Amino acid sequence: MGNATQSPETPQNTTTRPRISFLGCGYLGATYAICFAELGYEVVGYDVDEAKIEAFSAGTVPFHEPGLPELLKKNLDSGRLRFTTDVQAVADFADVHFICVGTPQRPGDHGADLSYIEAAVTELSRHLNRKCLVVGKSTVPVGTATWVQQIIDRHAPAELGVEVGWSPEFLQESNAMHDVLRPNRIVYAAQSEWASKLLRDVHKGILELAAVEDREVPIVETDLSTAELVKVAANAYLSTKISFINAMADLCETTGGDITDLARAIGYDARIGNKFLRAGIGFGGGCLPKDLRALVTRAGELGVGESFRFLGEVDHINSRRRVHTVRAIAELVDRPSGPAGPNLEGVRVAYLGATFKPDTDDIRDSPALAIARKLRQARAEVVVYDPEGIDNAKAEAPELTYVKTLAEAVAEADAVCAMVPWEEFRTLDPEALGQQVAQRRLLDGMNAYDPDEWRAHGWSYRGIGR
Ligand code: UDX
């Protein structure tokens with residue numbers, strides 16, 4: 001994270017570097033555009049959203065991502081980076097076009113909505129006037145690359161010989177710059193030796209930086225279908241790990257076990273590994289939930305749905321975390337649930353965290369926000385504080401009460417729900433906090449605190465699966 005700007009000067013040999021465009025300036029495309037300029041490439045970021053393009057051009061990142069604003073300004077100044085809504089300028093400029101537009105869940109079903117890809121590729125193809133490579137980065141159902149090639153063949157002059165390649169990305173929000181500049185692997189697919197060489201040249205900057213830092217970055221060159229599948233496979237596997245540990249958390253809760261010890265103990269086995277075994281309120285965000293569902297849907301369409309039924313259960317385990325957590329909070333405040341759920345009328349909850357994870361302002365499919373809304377439906381007064389996510393949360397869930405400081409949230413609270421492991425929450429002092437609340441009751445949705453320490457300060461402590 002953050003250390004990208006402090007890295008040894010990125011080696012910059014622009015002579016053999018292809019010129020690159022990134023179509024779509026959301027988290028993905030914008031971060032890539034900025035980081036590839038940092039790596040020495042001439043880059044243009046394209047989006048149809050004029051406000052977004054104006055913001056980036058003026059040096060403002062319209063979302064929260066640590067370190068990115070500084071890197072944006074630096075690279076705008078370098079002259080290698082610009083942003084535009086002019087698709088003709090993009091078509092004229094780039095040797096390689098990366099598709100980075102969103103592929104959200106289709107309204108009303110679990111498949112992926114490919115309309116943004118269709119629109120971006122169609123628009124670009126109509127303006128192409130030289131041979132170039134169009135490379136998919138967006139997460140898509142397997143088979144999309146072939147369809148993208150068909151769109152190009154329909155709209156771009158055949159004599160140009162425009163080709164499609166695919167190169168999935170694995171960036172995590174809040175760690176995005178690091179993941180682009182210093183990825184743990186590079187995966188790509190090309191349909192010809194020409195495209196393969198171009199993709200090698202596109203990634204040269206990453207390899208040169210790695211060499212300077214004495215790191216190795218493995219490269220997996222593969223076919224289009226595999227490249228598409230790699231991304232969904234990775235996200236489905238990560239989701240499965242989290243739901244597995246959350247299922248074990250349920251078992252710990254009923255048997256008096258401690259899920260944090262259990263996760264630590266199995267994580268020492270290198271075959272299992274200790275990452276993505278944090279039990280809690282479940283996974284959310286703009287990727288894991290929808291990619292899981294899109295994979296199940298696509299597998300069904302391709303006649304192998306049976307093999308992926310278990311991923312439906314991974315999704316259900318995750319959804320049940322939300323109900324489970326509401327029940328735990330009701331028990332904590334002595335309002336056990338009836339058949340219609342709990343009645344939390346008159347209970348003031350200090351609610352810490354609204355985003356889907358810390359160090360982002362992203363609230364897409366946020367478990368914390370979903371649980372806050374359920375508490376409100378159960379008539380609790382929910383006072384939400386989040387270091388960066390308030391504006392987005394307010395737009396999505398206006399029925400909640402929002403405050404600007406942690407102190408305002410916890411004042412006179414009947415229970416504190418610490419839901420998202422922001423640094424500011426993980427370092428709370430039980431005694432100082434105890435003096436601000438009405439009742440010393442803590443729901444530790446992050447499993448971040450030492451229960452004994454909090455209990456020693458008079459708190460009723462409730463974690464998840466411990
Ligand atoms: C994810 C993938 O990690 C990334 O490789 C891919 O490119 C995009 O999707 P991201 O959505 O940024 O990245 O979030 P991530 O850090 O993976 O967390 C996803 C969710 O899982 C969060 O809600 C997080 O709180 C939760 N989580 C993560 C757990 O509940 N337990 C864990 O142990 C880890």
Side-chain angles (χ1 to χ4, degrees), residues 1 26-29 31-32 63-66 68 100 102-105 112 137-140 167-180 182-187 228 230-249 259-260 262-264 266-267 272-295 314-315 317-322 324-325 353-371 386 389 418-422 425-426 444-448 463-465:
M1 197 155 49
Y27 283 96
L28 175 62
T31 308
Y32 263 86
F63 50 82
H64 179 76
E65 180 62 40
L68 204 55
C100 298
T103 50
Q105 190 172 320
K137 256 198 188 306
S138 307
T139 306
V140 294
S167 180
E169 52 72 36
F170 308 97
L171 72 85
Q172 276 180 284
E173 290 177 23
S174 80
N175 203 37
M177 271 163 40
H178 177 273
D179 291 344
V180 175
R182 298 172 175 81
N184 48 25
R185 79 283 211 191
I186 293 168
V187 180
E228 293 168 312
V230 164
K231 175 63 188 281
V232 282
N235 276 357
Y237 193 82
L238 293 171
S239 307
T240 303
K241 254 187 129 173
I242 300 170
S243 276
F244 172 80
I245 205 67
N246 280 328
M248 292 307 297
I259 194 64
T260 59
L262 185 142
R264 208 151 55 86
I266 61 171
I272 296 173
N274 59 9
K275 304 255 169 64
F276 273 67
L277 283 182
R278 184 171 48 76
I281 60 177
F283 58 82
C287 295
L288 258 46
K290 65 121 177 136
D291 291 350
L292 185 67
R293 293 169 196 152
L295 172 56
V314 166
D315 196 12
I317 292 172
N318 195 53
S319 306
R320 284 200 296 269
R321 302 316 290 162
R322 301 174 181 195
H324 176 91
T325 309
T355 50
F356 85 96
K357 67 173 188 180
D359 297 314
T360 176
D361 60 357
D362 194 345
I363 51 132
R364 284 177 295 171
D365 215 330
S366 160
L369 196 58
I371 293 165
D386 185 284
M419 308 304 271
V420 184
W422 286 92
F425 304 156
R426 280 189 280 115
D444 178 7
M446 336 179 288
N447 282 346
I464 305 280

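Read the numbers this way: they start at 1 and go in the same order the structure lists the ligands and their atoms. Values in this document were obtained by computation on a predicted structure and should not be read as measured data.
For atom 1 (C) of ligand 1, the nearest protein heavy atom (residue, atom name, distance) is Leu288 CD1, 3.6 Å. In terms of protein heavy-atom proximity, atom 33 (O) of ligand 1 is closest to Arg278 N, 2.8 Å. The protein heavy atom nearest to atom 21 (O) of ligand 1 is Phe283 CB, 3.2 Å. Here the heavy atom of the protein found nearest to atom 7 (O) of ligand 1 is Leu171 O, 2.9 Å. The single protein non-hydrogen atom nearest to atom 10 (P) of ligand 1 is Lys357 NZ, 3.8 Å, given as residue, atom name and distance. Looking only at protein heavy atoms, the nearest one to atom 12 (O) of ligand 1 is Glu173 N, 2.8 Å. For atom 13 (O) of ligand 1, the closest non-hydrogen atom on the protein side is Gln172 CG, 3.7 Å. Protein heavy atom in closest approach to atom 2 (C) of ligand 1: Asn235 OD1, 3.6 Å.
Between Leu288 atom CG and Ile242 atom CD1 the span is 5.5 Å, to the nearest 0.5 Å. Note that CG of Asn175 is 11.0 Å distant from OG1 of Thr31, once rounded to the nearest 0.5 Å.
Contact between Asp386 and Trp422 at its shortest, heavy atoms only, is OD2-NE1, 3.2 Å. Between Asp315 and Arg293, the closest heavy-atom pair is OD2-NE, 2.8 Å.
Each of the atoms 8 (C), 9 (O) of ligand 1 lies under 4.0 Å from some heavy atom of Cys287. The atoms of ligand 1 that sit less than 4.0 Å from any heavy atom of Glu169 are 7 (O).
Residue nearest to atom 34 (C) of ligand 1, selected from Phe356, Phe276, Phe170: Phe276 (by heavy-atom distance).
In this structure the side chain of Asn246 never reaches within 4.5 angstrom of the side chain of His324, judged on heavy atoms. Contact of the Thr325 side chain with the Met419 side chain is registered, since non-hydrogen atoms from C-beta on lie closer than 4.5 Å.
Judged by distance alone, with hydrogens and angles left aside, the side-chain atoms of Lys241 form a donor-acceptor pair with the main-chain N or O of Lys275 at under 3.5 Å. Remark: the backbone N or O of Val314 is paired with a side-chain donor or acceptor of Ser243 at under 3.5 angstrom.
In Leu277, the part holding a heavy atom less than 4.0 Å from any atom of ligand 1 is the backbone. Under 4.0 angstrom from ligand 1, the non-hydrogen atoms of Lys231 all belong to its side chain.
Under a 4.0 Å heavy-atom criterion, Gly284 is in contact with ligand 1.
Evaluated for a side-chain contact (heavy atoms from CB on, under 4.5 Å) with Glu173, the options Thr360, Asp361, Asp359 yield exactly one hit, Thr360.
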